[in-house]
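Just so you know, ligand 1 is whichever comes first in the structure, and atom 1 is the first atom listed for that ligand. What you see is a predicted model, and the numbers here were worked out from it, not measured in a lab. Residues take their numbers from the sequence shown, with the count starting at 1.
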Amino acid sequence: MQPIRILFISIEGNTRNFIEHLTDYAAQQHATDDANPTIEATEISEASDFQPETTPYFCFVPTYLNGGNGIDNGVKELMTNVLGEYIAFQNNARYLLGVVGSGNRNFNEQYCLTAKRYARQFNAPFIANYELRGVPADEKRVYAAMVARLKEVNGHVD
Ligand SMILES: Cc1cc2nc3c(=O)[nH]c(=O)nc-3n(C[C@H](O)[C@H](O)[C@H](O)COP(=O)(O)O)c2cc1C
């Protein structure tokens with residue numbers, strides 16, 4: 001199986017840390033059975049050159065919102081906008097397989113709301129969420145969610 005491609009953004013390092021652990025977890029899974037895909041992750045930041053994407057990828061986005069709850073009044077996305085702009089660039093949204101969100105449950109209705117908004121805006125499923133830097137159980141669950149989504153789009157039946 002091809003490596004799983006991930007595009008992510010991380011402002012304070014939590015998402016970057018989770019992706020590092022997730023990449024290690026995927027490598028371990030691949031070592032036990034090479035049918036299990038590895039992960040190739042790319043960080044998007046304000047310094048990134050926008051590229052036209054030509055292969056499928058997942059995006060991982062934390063939540064930074066100011067005001068509003070996104071349900072019955074407006075929200076303003078802070079800090080993470082460049083990832084949304086990257087996905088909106090040329091045909092990049094066409095290759096988006098799914099969105100993984102992170103945040104902090106203390107934000108209640110706003111928990112992972114940016115990922116939910118991206119999923120709706122770019123017409124891709126919101127496949128998983130985790131809090132802050134995640135825990136090992138989150139690595140296993142998020143990896144399984146990506147593998148399941150790949151099987152779904154590739155038409156595999158277990
Ligand atoms: C100013 C600020 C606003 C935030 N707003 C939200 C929010 O609306 N919803 C949420 O779930 N988490 C919110 N968070 C929590 C972050 O999404 C969380 O800490 C995340 O792990 C940060 O990822 P990063 O370290 O990769 O940037 C906020 C954090 C900060 C500092």
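- Under the 4.0 angstrom criterion for non-hydrogen atoms, Leu113 is not in contact with ligand 1.
- Formation of a donor-acceptor pair under 3.5 Å by the Arg5 side chain with backbone atoms of Thr55 is found in this model.
- At least one N/O-N/O distance between Tyr64 and ligand 1 falls below 3.5 Å.
- Scanning all protein heavy atoms for the shortest distance to atom 8 (O) of ligand 1 gives Gln110 NE2, 2.7 Å.
- For the pair Arg149 (side chain) and Gly98 (backbone), a donor-acceptor distance under 3.5 Å is absent.
- On a distance-only criterion, Ile11 and ligand 1 share at least one N/O pair closer than 3.5 Å.
- Looking at Glu77, its side chain never comes within 3.5 Å of a backbone N or O of Thr114 through a donor-acceptor pair.
- What sits closest to atom 12 (N) of ligand 1 on the protein, heavy atoms only, is Asn104 N, 3.2 Å.
- Close approach of ligand 1 to Cys112 is summarised as follows: ligand atoms under 4.0 Å from at least one heavy atom of the residue are 11 (O).
- Without hydrogens or angle criteria, Asn92 side chain to Gln51 main chain gives a donor-acceptor distance under 3.5 Å.
- Interatomic distance, Phe58 CZ to Ile127 CD1, rounded to the nearest 0.5 Å: 4.5 Å.
- Below 30°, between 30° and 60°, or above 60°: for Phe50 and Phe89 the angle between ring planes is above 60°, a perpendicular geometry.
- Close approach of ligand 1 to Gly103 (heavy-atom distance below 4.0 Å) involves ligand atoms 10 (C), 11 (O), 12 (N), 17 (O).
- When only non-hydrogen protein atoms are considered, atom 21 (O) of ligand 1 lies nearest to Asn14 ND2, 2.9 Å.
- At least one donor-acceptor pair closer than 3.5 Å links the side chain of Tyr143 to the backbone N or O of Pro37.
- With a 4.0 Å cut-off on non-hydrogen atoms, Phe107 touches ligand 1 through its side chain and not its backbone.
- Taking distance alone, with nitrogen or oxygen atoms compared against 3.5 Å, Ile9 stays at or beyond that limit from ligand 1.
- In this structure, atom 23 (O) of ligand 1 lies nearest to the protein heavy atom Pro62 CB, 3.3 Å.
- When atom types are taken as modelled, the side chain of Asn17 and the backbone of Gly13 share no donor-acceptor pair closer than 3.5 angstrom.
- In summary, the atoms of ligand 1 found under 4.0 Å from a heavy atom of Thr15, numbered by their order in the structure, are 23 (O), 24 (P), 26 (O).
- Of the protein's non-hydrogen atoms, Thr63 O, 3.0 Å is the one closest to atom 13 (C) of ligand 1.
- Ranking protein heavy atoms by distance to atom 18 (C) of ligand 1, first place goes to Leu132 CD2, 3.9 Å.
- In summary, the side chains of Tyr111 and Asn129 do present a donor paired with an acceptor at a separation below 3.5 Å, with no hydrogens or angles considered.
- For ligand 1, the atoms sitting less than 4.0 Å from at least one non-hydrogen atom of Leu65 are 5 (N), 8 (O), numbered in the order shown with element in parentheses.
- Put simply, the side chain of Tyr118 gets close to the backbone of Gly84: a donor and an acceptor are under 3.5 Å apart.
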